[in-house]
Student: 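Shown below is the structure under consideration.
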Amino acid sequence: MIAELETYPVTESFSILRINADRMLAAFIQLASIGATGDGGVSRVTFSEAHLAARKWFRTKIEHFGLEFRMDGAGNHSAFLACGPANAQTLLLGSHLDSVPNGGRFDGALGVMAALEVLRTVKENRIKLKLNLEAIDFTDEEGTLVGLLGSAALAGCLSPNDLQNPRGGRQNLVEGMKRAGLSEEGMFKAARPKELLAGYLELHIEQGKCLERSGAKIGIVSAIVGIRSYRLSFIGRADHAGSTLMSDRLDASLGASASTLAAREIVMRDFPNCVVNVGKMEFAPGAFNIVPALVDVSLEFRSADEEEFTRMDSTLMKCAQQEAKRFGLELKIEFLSTHSPSPMSPNVQNIFADVCDSLGLTNTSLVSGAGHDGQSLAEMCPIGMIFVPSVDGASHAPREFTRWEDCVNGANVLLQTVLRLAM
Ligand SMILES: [Zn+2]
C-alpha cells in the first residue's frame with residue numbers, strides 16, 4: 001500500500017481532485033423533494049413518514065453507487081467505503097437527514113450529501129487510503145424526540161433515562177422507534193469502541209450571519225458551545241389585582257421580568273461571546289385580575305468556554321436571587337441539564353485552514369452556537385467541523401438558503417481534508 005501511495009503524493013495528483021458538483025446537486029435536489037413543504041422547505045421530523053422515506057432513498061443511493069450500506073441499532077444510516085487496509089480505522093463524515101417541522105432543505109442534508117459525494121469521488125478514483133471512510137446520517141439530531149440520539153448512541157453516552165424521559169414525549173419515541181423498526185435494546189448496541197474511529201468531520205450551513213458579515217467563504221469551527229438550562233420559580237402571593245396596593249404586592253412577575261432583563265445586560269456586558277435565553281414563562285394562577293403568585297422561567301445559556309460557562313452560571317443565579325429579594329419573593333432554582341462545551345481538534349482546524357488556503361477560499365474561525373452531533377463524539381475521537389454561509393443567517397425555516405457555489409466549496413474542503421487526514 002505504501003508503494004502505491006508514494007506514487008500519488010497528495011501535494012500533486014490528489015490535490016487537484018474535486019467532487020462532482022453536478023452529481024451532488026442532482027442528489028441534493030432529489031433529497032429536498034422528500035418531505036418538501038412547497039415553499040422551499042422540508043418537514044422530515046424524526047421517524048415521520050417523510051424522514052423514513054428520505055432514509056430509504058439514501059440507502060438506495062448508497063447501494064446504487066456500489067458503496068456498502070450499514071445501519072446500526074440506533075437507526076444511523078451509513079455508506080461505507082473500505083478504502084483502507086485490513087483493520088484500518090474509520091474516518092466518519094456526516095450530518096443528519098431529519099429536520100425540524102417546516103425546516104430548511106440545507107440543514108443536515110448538505111452535510112450528508114457532501115459526505116456521500118466524497119466517498120464516491122474517492123471510490124471512482126480508486127484511491128487507497130490508510131483509513132476507511134463512512135458517510136453517516138445520524139438519527140434525530142434535531143431533537144424531535146431525544147436530541148443527538150444517534151450520535152449519543154454511537155458514542156455510548158446514551159442513558160436509559162434519555163429514552164424514558166425524552167423531550168419529545170415517551171409515547172412519540174416508542175411509536176417512532178416502532179415505525180423505524182428499532183428497539184430500545186438495539187439503541188444501546190449501537191455504541192462503538194473508540195479505537196475503531198479515526199475522527200469525525202462535518203460540513204454544515206452556518207445558521208447565523210458571521211460568515212456573511214465577514215465575507216469569509218468557509219467557517220472553521222473552534223468549538224461547539226455548551227448549553228445549560230434551569231427552571232427558575234419566582235414565588236410571591238396571589239392577591240386581588242384591584243384592591244391590593246402596589247406597595248403591598250408580592251408579584252412574582254416582577255422578579256421574573258427584572259431578572260430576565262438583567263441577564264441580558266450582564267451577558268452583553270460581561271460575557272460578550274455568550275448568549276442567554278428565556279424561552280418560556282408560565283404564570284400561576286394566570287388571570288387578568290390576580291397578582292401572579294408564581295412564575296416559572298425557562299432559562300438557557302451557552303458558552304464555548306468551560307471556565308466562562310461556570311462564571312456565567314454563578315453570575316446569572318446570583319442575579320436571579322437579587323431580583324427575587326428586591327421584590328420580596330422566594331426563588332427556587334431547579335437545574336435541568338447541561339452539555340459541556342466541545343472543543344474541535346486543533347490539528348483538524350489547522351488542516352481545514354491549509355486546505356482553504358490551497359483552494360483559495362477565505363476562511364475564519366468561529367464558534368458554533370448551535371448543537372451538533374460532533375459534540376457527542378468529542379470525547380471519543382478528533383472532531384472537525386466547517387460551516388458555509390447561510391444567506392441572511394436564516395435556518396430552521398423554509399427560507400434557509402446557501403448558494404450552491406458555497407455548498408460545493410464546502411464539499412471540496414471536506415474532500416481535501418479527508419485526503420490529508422487519511423493519506
Ligand atoms: Zn443540522
Side-chain angles (χ1 to χ4, degrees), residues 21 24-55 57-58 61 77 93-117 135-145 147-151 168 202-213 216-219 221 224-225 275 277 279 366-375 385-411 413-414:
M24 184 169 86
L25 178 61
F28 182 84
I29 290 171
Q30 276 181 25
L31 173 59
S33 72
I34 305 172
T37 46
D39 49 5
V42 295
S43 250
R44 288 197 300 256
V45 296
T46 304
F47 301 150
S48 64
E49 258 175 56
H51 178 232
L52 296 176
R55 292 191 129 179
W57 171 88
F58 184 47
K61 277 277 170 214
H77 278 43
L93 317 173
S95 200
H96 58 96
L97 294 182
D98 68 316
S99 78
V100 295
N102 298 304
R105 61 198 192 278
F106 293 84
D107 181 355
L110 173 62
V112 178
M113 290 302 94
L116 185 64
E117 180 54 37
I136 192 163
D137 154 33
F138 282 117
T139 297
D140 190 37
E141 191 272 350
E142 295 291 2
T144 308
L145 298 170
L148 308 184
L149 173 58
S151 53
E202 179 166 350
L203 162 66
H204 204 279
I205 55 165
E206 188 202 341
Q207 307 178 282
K209 293 182 180 179
C210 292
L211 292 176
E212 204 172 59
R213 284 190 178 141
K217 287 291 181 189
I218 301 285
V221 178
I224 299 174
V225 292
V275 290
N277 187 52
L366 44 71
V367 159
S368 174
H372 292 287
D373 285 309
Q375 69 198 63
M385 195 163 187
I386 47 168
F387 286 160
V388 284
S390 294
V391 172
D392 206 25
S395 185
H396 284 189
R399 69 192 166 88
E400 177 183 280
F401 184 70
T402 294
R403 286 183 191 88
W404 190 245
E405 174 197 319
D406 292 328
C407 297
V408 171
N409 286 340
V413 173
L414 190 67

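Values in this document were obtained by computation on a predicted structure and should not be read as measured data.
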Student: Taking the side chain as everything from C-beta on, heavy atoms only, tell me whether Leu211 gets closer than 4.5 Å to Leu366.
Tutor: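 Yes, at least one pair of side-chain atoms sits under 4.5 Å.
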Student: Does some side-chain heavy atom of Val408 sit less than 4.5 Å from a side-chain heavy atom of Glu117?
Tutor: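 Not in contact.
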Student: Parallel under 30°, tilted from 30 to 60°, perpendicular over 60°: which one fits the rings of Phe106 and Phe28?
Tutor: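 It falls in the tilted class, 30° to 60°.
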Student: Could you check whether any side-chain N or O of Glu202 sits under 3.5 Å from a backbone N or O of Met385, counting only pairs where one atom can act as donor and the other as acceptor?
Tutor: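 Flag not set: sc Glu202 to bb Met385 has no pair under 3.5 Å.
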Student: Indicate yes or no for a side-chain donor-acceptor contact from Arg44 to the backbone of Leu97 under 3.5 Å, with no hydrogens or angles considered.
Tutor: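 Side chain of Arg44 to backbone of Leu97: a pair is present.
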Student: Begin from the C-alpha positions of Glu400 and Val42 and carry the test side chain to side chain contact (heavy atoms under 4.5 Å, CB included) through to its verdict.
Tutor: CA-CA 10 Å; Glu400 177 183 280; Val42 295; over 6 Å; no
Student: Quick one: closest heavy-atom pair of Leu116 and Lys61, and the distance?
Tutor: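 Closest heavy-atom pair between Leu116 and Lys61: CD2-CB, 4.4 Å.
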Student: Can you tell me how far CG of Leu203 sits from CD1 of Ile218, rounded to the nearest 0.5 angstrom?
Tutor: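 So the CD1 of Ile218 and the CG of Leu203 are separated by 7.5 Å.
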Student: Tell me whether the count of non-hydrogen atoms from other residues, nucleotides or ligands lying under 6.0 Å of CD in Glu49 goes above 12.
Tutor: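 Open.
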Student: Can you tell me how far apart OG1 (Thr144) and CZ (Phe47) are? Round to the nearest 0.5 Å.
Tutor: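 Rounded to the nearest 0.5 Å, the OG1-CZ separation comes out at 9.5 Å.
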Student: Got a second to check how far Ser48's OG is from Asp98's CG, nearest 0.5 Å?
Tutor: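 One finds 9.0 Å between OG of Ser48 and CG of Asp98.
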Student: Shortest non-hydrogen contact from Ala114 to Met24?
Tutor: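 Taking Ala114 first and Met24 second, the nearest heavy atoms are CA-SD, 3.7 Å.
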Student: Using modelled atom types and a 3.5 Å cut-off, is there a donor and acceptor pairing between side-chain atoms of Ser43 and backbone atoms of Pro101?
Tutor: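 It does not hold such a pair.
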Student: State, to 0.1 Å, how close His372 and Ile224 come at their nearest heavy-atom pair, and which atoms those are.
Tutor: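 Nearest heavy atoms, His372 then Ile224: CB-CD1, 4.0 Å.
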Student: Asp406 and Thr402: which non-hydrogen atoms are nearest, and at how many Å?
Tutor: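 Reported closest heavy-atom pair: CB-CG2, 3.9 Å.
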Student: Does any non-hydrogen side-chain atom of Leu148 lie less than 4.5 Å from one of Glu141?
Tutor: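 Heavy-atom side-chain distance check passes, below 4.5 Å.
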Student: Is any side-chain heavy atom of His51 less than 4.5 Å from a side-chain heavy atom of Glu142?
Tutor: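 Answer no - side chains too far apart.
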Student: Heavy atoms only: give me the nearest Gln207-Ala370 pair and the separation to one decimal.
Tutor: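 It is OE1-CB, 4.0 Å.
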Student: With the side chain counted from C-beta on, respond yes when Val388 and Glu206 share a heavy-atom pair under 4.5 Å apart, and no when they do not.
Tutor: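 No - every pair of side-chain heavy atoms lies 4.5 Å or more apart.
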Student: Quick check for you: to the nearest 0.5 Å, what is the distance between Ser395 atom OG and His204 atom NE2?
Tutor: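 Output value for this atom pair is 7.0 Å.
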Student: Please give me the minimum heavy-atom distance between Ala32 and Ala36, naming the atom from each residue.
Tutor: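 Where Ala32 meets Ala36 most closely, the heavy atoms are O-CB, 3.5 Å.
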Student: Which distance, rounded to the nearest 0.5 Å, do you find between the CG of Asp107 and the OG of Ser390?
Tutor: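 Between Asp107 CG and Ser390 OG, I get 8.5 Å after rounding to 0.5 Å.
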Student: Ignoring hydrogens and angles, tell me if any N or O in the side chain of Asp39 forms a donor-acceptor pair with the backbone of Gly41 under 3.5 Å.
Tutor: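 Indeed, once roles are kept as given, a pair shorter than 3.5 Å links the two residues.
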Student: Could you grab the distance from atom CE of Met113 to atom CD of Gln30, nearest 0.5 Å is fine?
Tutor: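 Spacing of CE (Met113) from CD (Gln30) equals 9.5 Å.
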